[in-house]
Protein chains: 2
Amino acid sequence: MSADAEPAPVSAKPPVTLREVAAAAGVSVATASKALNGQGRMTAETRERIRETARLLGFRPNSLAQSLLRKRSFTVGLLTNDTYGRFSLPLMAGVSDALVDNGVSVFLCNVEDDTRLGQLHVEAMLDKRVDGIIATGKRIDRHLPVDLSNLRVPVVYAFTQPDPGAVGLVSDDAGGARLAVEHFCRLGRRRIAHVSGPESFAVVHARAQAYRDVLEEHGLPTAEPLLGAWSEAWGHEAVAKLFGKAGREGWPDAVFCGNDQIARGVIDALRERGIGVPDDVGVIGFDNWEIVAEATRPPLTSVDMNLSTLGREAGLALLSLVGGQPAAPGIRKLPCRLVVRQSCGRPPGG
Amino acid sequence: MSADAEPAPVSAKPPVTLREVAAAAGVSVATASKALNGQGRMTAETRERIRETARLLGFRPNSLAQSLLRKRSFTVGLLTNDTYGRFSLPLMAGVSDALVDNGVSVFLCNVEDDTRLGQLHVEAMLDKRVDGIIATGKRIDRHLPVDLSNLRVPVVYAFTQPDPGAVGLVSDDAGGARLAVEHFCRLGRRRIAHVSGPESFAVVHARAQAYRDVLEEHGLPTAEPLLGAWSEAWGHEAVAKLFGKAGREGWPDAVFCGNDQIARGVIDALRERGIGVPDDVGVIGFDNWEIVAEATRPPLTSVDMNLSTLGREAGLALLSLVGGQPAAPGIRKLPCRLVVRQSCGRPPGG
DNA sequence: CTCCCTTGAGAAAACCTTTTCCCAAATCGC
DNA sequence: GCGATTTGGGAAAAGGTTTTCTCAAGGGAG
């Protein structure tokens, strides 16, 4: 009966501590710590014995204690207001990926559009001494409902509007649009239309401008983009407008759509009118939402924003910020890529 | 110039500690702690003065230190292998929701189907002293690629196969199927077909059995379910099989689909054949994936698995487990609900 | 006027690890 | 053989909070 005999709970015995390892190996905790961390000086034999003891006992250092001392928790917060959306998932996966490889865990915080909830989460993260915060949202041109500008920890913005002077990563929407329109040009399409989402979105304008630019560069006729909604229904409507007029000669031979849902609506509407895709008209979408792009008939060529990569880069950027590397503030645009399926056909010579 | 004059880093001054609050208020840290936590005995005036001081200084207790002492981190891990999938999102939102309300933060851990990655994450979570773990996946009938059966912390399984003896929450697929088929019966449909996903999914069988049961209960003819894939293309194919035969009398007047994508394929295929939905044939989907259900023409009636609620319940279950409440092990099934849109028509008398 | 009890508050241990300093023994140079 | 240096390892502080004792002062009872 030692002095500290305890009833010992039936289940879930407490984790083994460094003190116990040290005792079992017959050394002090200081020596044990140094042995396990490769620090200090001691005989190789001692070091090995301690390590073996730790392994046998299943010792795992308590991160809480380590963090308290090191003032570094190896934890970051991921703030999003797009829990249900489709953009946040690949982005989150990318973030998580980049960080896990570096031994960092991610707090997931959904703030909806609720300022109070946002404040709550940020404070909780700060209390838990996160090393940094990644802010992400569902729209590039909107702020999260919470102010992150004067925190004690670095912040990186991904796919959401950054605060002035902060580090932000977004997709290069204009570049993505160029990719699509230039693809059409290469294929010999001459009358290229553009059907996109609501005017209130900044990306709509960025993509439309790139569309005009490319057409101009290629000396092709530029038609005013048709702006509407991000829906299939709008795709149908737009086809009615574009292909409603009598003269078949005036019809476009290509439609660049602002997202995949619009593109799906366009393709369905064209089929219903007996217009062939890709033979009569080529169609390209945006977002490369596989579940949509692969279900259209024919499968949809689409611009992919590489959101997973974007998330990954955001994670790495935050990491270097946490590490003390001063990052250049401002918005960095990451390139999109074109995923070619069958809705555009082959080039004339191909 | 006081003794502890520091150069004071330009940015990011360190957080204020309890010690500083105590000093500022002219009391000991012990008293300060008790004042802020409503513990101990002191004059109301002292308590208020300390609180005011803390407020003024913007004091926030260091969670790391608290957790170290209390052996409770107010943190849980959410393990998933469905980062890209559509089921995990509402579920995660529900979990996060339930826990945030209780001051608990959530570690998001995506393990794909990688055992090594899973092990890594679980160990990281354990090292960080999470209070518990929620495991969730993309399939009810599959295990995560990692063993959670003998952890030091409680585990709750949501929408994934639980270990024996553990507590699991899943949707009541059979009940959901009943909802759909009974809805058809109420509307007076008599020849109800069932088109579902691959045979390898347990839910496919659960739903098919419920389908047969309901038909039998209503004395209606039961056809063998058509099993294929979870895709629109399979919906098209299935329509060809069901409506290919000559005699219009043998055609179904209702199709219950295993998911919304199949249902979408079915509806599109029916329209292409000139068969009216809902006039000639009623269609019900499963999952209530709004982006699909609202884009079909007409909008799709569908079974919703209430995943957000499922997540919420999982969070609460874990919380009570963490609190020491012994939860009944085994699988708890949560009811689905039918979201009625326009793909079924009104009852004969309505 | 004592004695006892209550009140208000502080000292110190505890949580677990890391790191700096320090000390004793062993080794080396001469 | 003696001082100087290296080697191997330990003691203790630090990190921020909570909690259990402890203690002094004050008040009431007898």
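Each chain gets a letter, A, B and so on, in the order its sequence line appears, and its residues count up from 1.
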When every non-hydrogen atom of Lys128(B) is compared with those of Gly103(A), the smallest separation belongs to NZ-O, 3.9 Å
Notebook entry, point to check: Can you tell if the side chain of Phe159(A) reaches within under 4.5 Å of the side chain of Leu169(A), non-hydrogen atoms only?
Noted result: no
Look at the side-chain N and O atoms of Thr46(B) and state whether any lies under 4.0 Å from the OP1 or OP2 oxygen of dA9(C).
yes
Bounded by its outermost nucleotides with an atom under 4.0 Å from a heavy atom of chain A, the footprint on DNA chain D reads dT7(D) to dG16(D)
Atom CG of Asp127(B) and atom P of dC16(C) are separated, to the nearest Å, by 14 Å
Between CD1 of Ile50(B) and P of dA9(C) the distance, given in whole Å, is 8 Å
Main-chain N/O of Pro145(A) paired with Thr115(A) side-chain donor or acceptor, under 3.5 Å: yes
Contact check, residues 65-75 of chain B vs DNA chain C, heavy-atom distance under 4.0 Å, returns Leu68(B), Leu69(B), Lys71(B)
task = Using a strict cut-off of less than 4.0 Å between a Lys/Arg side-chain nitrogen and an Asp/Glu carboxylate oxygen, indicate whether Glu52(B) and Arg49(B) qualify as a salt bridge.
result = no
Quick one: are Ser105(B) and Phe107(B) in side-chain contact, heavy atoms under 4.5 Å?
no
(message) Looking at Asp82(A) and Ser88(A), would you say the former's side chain and the latter's main chain have a donor-acceptor pair under 3.5 Å?
(response) yes
- Under 4.0 Å between any heavy atoms, over every strand shown, what does Thr17(B) touch: base, sugar-phosphate, or nothing? Just pick one. sugar-phosphate
**Note: Asp131(B)-Arg70(B) ion pair, threshold 4.0 Å (strictly below)** = no
To the nearest angstrom, the CG-P distance between Asn62(B) and dC16(C) comes to 16 Å
Hey, is the side chain of Ser33(A) poking within less than 4.0 Å of OP1 or OP2 on dT18(C), counting only N and O atoms? yes
What residues 35-44 of chain A contributes to the DNA chain D interface at heavy-atom separation below 4.0 Å is Arg41(A), Met42(A), Thr43(A)
Distance-only donor-acceptor test (3.5 Å): side chain Lys34(B), base dG10(C): yes
Worksheet entry | Backbone N/O of Ser63(A) and side chain of Ser67(A): donor-acceptor pair under 3.5 Å | yes
The answer to which of Arg129(B) and Ser28(B) contacts DNA chain C further toward the 5' end, by nearest nucleotide, is Ser28(B)
* Check: Tyr157(A) main-chain N/O paired with Thr160(A) side-chain donor or acceptor under 3.5 Å -> no
- Count the heavy atoms belonging to other residues, nucleotides or ligands that lie under 6.0 Å from CZ of Arg72(A), then report whether that count exceeds 12. yes
_For the backbone of Ala158(A) and the side chain of Thr136(A), can you confirm whether one donor and one acceptor N or O come within less than 3.5 Å of each other?_
yes
Nearest-nucleotide check on DNA chain C, Leu18(A) vs Arg49(B); residue mapping nearer the 5' end is Arg49(B)
